[in-house]
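Right, one structure below, let's go through it.
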Amino acid sequence: MVKSRNVIDELKRRGFVQQETDPEKLYELLGNESVTFYVGIDPTADSLHAGHLLPVMGMAIMQRYGHRPIAIVGGGTAMVGDPSGKTEMRKMLTREQIVENSRKIKLQLARYLDFSADKALLVDNYEWLGKLNYIDFLRDIGRHFSVNKMLTYETYKRRMETGLSFLEFNYQLLQAYDFYMLYKNYNCRLQMGGDDQWANILAGADLIRRIEGADAYGHTFPLLTTATGAKMGKTEAGALWLDPEKTSPYDYYQYWVNVDDRDVKRFLLLYTLLPAEEIEELGDLHDREYNIAKTILAWEATQLTHGRQAAQEAMSAAMAAFGKREIPESFIPSSTVPRAALQIDDTNVPGGEISSSELAGGIQLVELMQRFDLVKSRSEARRLIHQGGVNINNERIQDSEQMIDGRSTNQGRIEIRLGKKKYFYINVH
RNA sequence: GGGGAGGUUCCCGAGCGGUCAAAGGGAACAGACUGUAAAUCUGUCGGCGGAGCCUUCGGAGGUUCGAAUCCUCCCCUCCCCA
């Protein structure tokens with residue numbers, strides 16, 4: 001990425017812009033100087049998930065264009081809970097949980113952002129929110145907010161139907177106060193966030209204008225859904241986590257390979273740092289070209305999140321299960337995806353172990369499936385078999401009473417395939 | 001605090017004494033078709049070694065041969081009024 005262009009052009013081109021306050025001035029500012037900006041990240045879990053990725057990528061791009069990101073892990077605000085986009089009140093976390101979650105989140109962010117030499121910062125807003133005095137806050141900050149105006153915001157209007165606690169109603173003031181404090185302490189002049197944060201971002205920019213008489217800006221990212229309308233990163237197992245303990249790199253890789261055709265190019269622009277030109281040059285894709293594009297997407301995304309080594313393992317495992325793919329040199333040349341020589345290696349396909357002595361006695365297939373958590377219940381396992389969805393060593397199983405023993409072993413292991421996409425190897429030792 | 005409505009299986013949503021493991025839709029899963037895609041069609045979708053049985057309809061009791069359906073108390077949510 002070149003620094004000569006304005007980052008806004010890049011963000012627009014890649015689909016990171018939903019709305020901005022004062023676009024002309026913001027454009028000028030970002031074109032002329034290095035700007036400190038912030039994005040709030042909610043530490044309600046000890047890991048980020050795919051839903052967080054868009055703002056994170058946005059920060060990464062901004063930083064590569066010479067701007068300084070502050071990730072503010074909402075220690076204080078998480079203790080209140082943002083009502084935006086929520087129909088029900090959020091769970092509140094303890095201080096200890098938040099601190100622990102923040103620590104882990106920072107490690108994940110470090111994959112995307114360079115935290116060295118203060119080129120990026122992670123700030124906990126508990127620093128100032130924690131010692132806030134209620135009366136002072138009301139007098140200094142509260143006076144700048146109009147309840148009448150707040151009630152007209154869509155987020156609150158919706159909650160007027162279902163109920164909104166006073167606690168949550170204050171969330172906006174706290175977030176605005178964050179922006180203000182960051183402005184004062186770090187000269188932070190821009191807040192970025194999901195489009196559901198628009199009202200909160202505006203409130204902060206307003207507050208800075210009122211108190212300091214200074215300009216501050218807001219920028220929102222689109223709220224992304226997949227082509228089928230689902231939220232980003234929803235899988236059968238729940239969220240798509242960045243933590244390899246929660247979602248293995250293999251599953252992570254698989255998620256991206258299985259993306260809808262209509263999303264591929266969009267996602268390449270949003271979730272990889274590959275040059276926009278090269279992605280646009282792809283033009284209309286046909287048939288297998290989609291799979292090549294998806295392979296690159298999966299490679300780049302996995303590599304960003306889990307590193308090169310893990311991405312390579314995930315990719316070779318996927319190829320072991322689903323077949324090899326050759327990726328032409330001309331296809332997004334900047335990508336570091338292994339194009340041909342990648343050796344097939346299935347050690348990272350999900351798997352388990354069983355002792356040969358136990359196997360010798362014979363074990364029911366249904367039992368085996370349940371043991372390795374491939375199904376939730378024996379009934380489900382039977383159902384799957386009846387529907388023809390279970391293959392052992394590439395042979396469809398018809399009988400739900402099927403026994404598995406030493407004879408089912410193929411080169412020291414048993415391959416179970418559920419449906420078309422779930423491969424599982426049981427190694428016999 | 002007063003008045004009203006309601007809490008049903010992953011979600012929405014019927015059911016209002018037996019024929020209810022509970023309609024319908026969505027999601028999800030499997031099969032066919034494919035490209036590890038979409039759309040479409042077919043099937044499945046509480047658990048248990050198919051029948052039978054077991055556990056479910058906010059919670060606890062009760063009425064009844066029999067309750068998700070009736071009664072009592074409790075908890076929770078929403079609306080109107082204060």
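Per chain, numbering begins at 1; letters A, B, ... match sequence-line order. Computed from a prediction, not measured in an experiment: that's the story for all the values here.
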Answer for the Watson-Crick or wobble partner of B:A67, both distances under 3.5 Å, is none

Answer with base, sugar-phosphate or nothing: what part of the nucleic acid does A:Gln254 contact at a heavy-atom distance below 4.0 Å? base

In whole angstroms, the gap separating P of B:G31 from CD of A:Gln398 amounts to 12 Å

Inset, instruction - For the pair A:Asn133 (side chain) and A:Asp136 (backbone), establish whether a donor and an acceptor sit closer than 3.5 Å, ignoring hydrogens and angles. - result: yes

(message) It should be established whether A:Lys421 places a side-chain nitrogen or oxygen under 4.0 Å from OP1 or OP2 of nucleotide B:A37.
(response) yes

* To do: Determine: side-chain N/O of A:Ser377 to OP1/OP2 of B:C48, distance under 4.0 Å, yes or no.
  => yes

Considering only heavy side-chain atoms of A:Asp260, the closest of B:A37, B:C48, B:C33 is B:A37

When rounded to whole Å, the OH to P distance for the pair A:Tyr290 and B:A39 reads 14 Å

Q. Under a 4.0 Å N-O cut-off, is there an ion pair linking A:Arg5 with A:Glu10?
A. yes

Separation between the C1' atoms of B:C79 and B:U72, rounded to whole Å:
26 Å

**Asked** So, is A:Arg288 close to the B:G35 phosphate, meaning a side-chain N or O under 4.0 Å from OP1 or OP2?
**Response** yes

note: A:Arg417, atom CZ; B:U36, atom C1'; distance rounded to Å ~ 11 Å

Worksheet item: Is the shortest side-chain N to carboxylate O distance from A:Lys149 to A:Asp206 below 4.0 Å?
Response: yes

When rounded to whole Å, the CG to C1' distance for the pair A:Asp399 and B:G49 reads 12 Å

Say we look at B:G46 and B:G24: how far apart would their P atoms be, to the nearest angstrom? 13 Å

Considering only heavy side-chain atoms of A:Lys294, the closest of B:G47, B:U36, B:A37 is B:A37

Worksheet item: Hey, does A:Asp287 reach any base, or is it just sugar-phosphate, or nothing, if we go heavy atoms under 4.0 Å?
Response: base

Atom CZ of A:Arg383 and atom P of B:G46 are separated, to the nearest Å, by 6 Å

Looking just at side-chain N and O atoms, do A:Asn410 and A:Asn393 make a donor-acceptor pair shorter than 3.5 Å? no

Donor-acceptor pair under 3.5 Å, A:Gln387 side chain vs B:G31 base = no

Separation of B:G50 atom P from A:Arg382 atom CZ, nearest Å, is 6 Å

- Do the side-chain N or O atoms of A:Arg396 get closer than 4.0 angstrom to the phosphate oxygens (OP1, OP2) of B:A32? yes

Between CH2 of A:Trp256 and C1' of B:G35 the distance, given in whole Å, is 20 Å

Quick one, A:Leu224 and A:Phe267 - any side-chain contact, counting heavy atoms below 4.5 Å?
yes

Touch class at under 4.0 angstrom, heavy-atom based, for A:Ala318 against every strand present: base

Rounded to whole Å, CZ of A:Arg378 lies from P of B:G49 at a distance of 5 Å

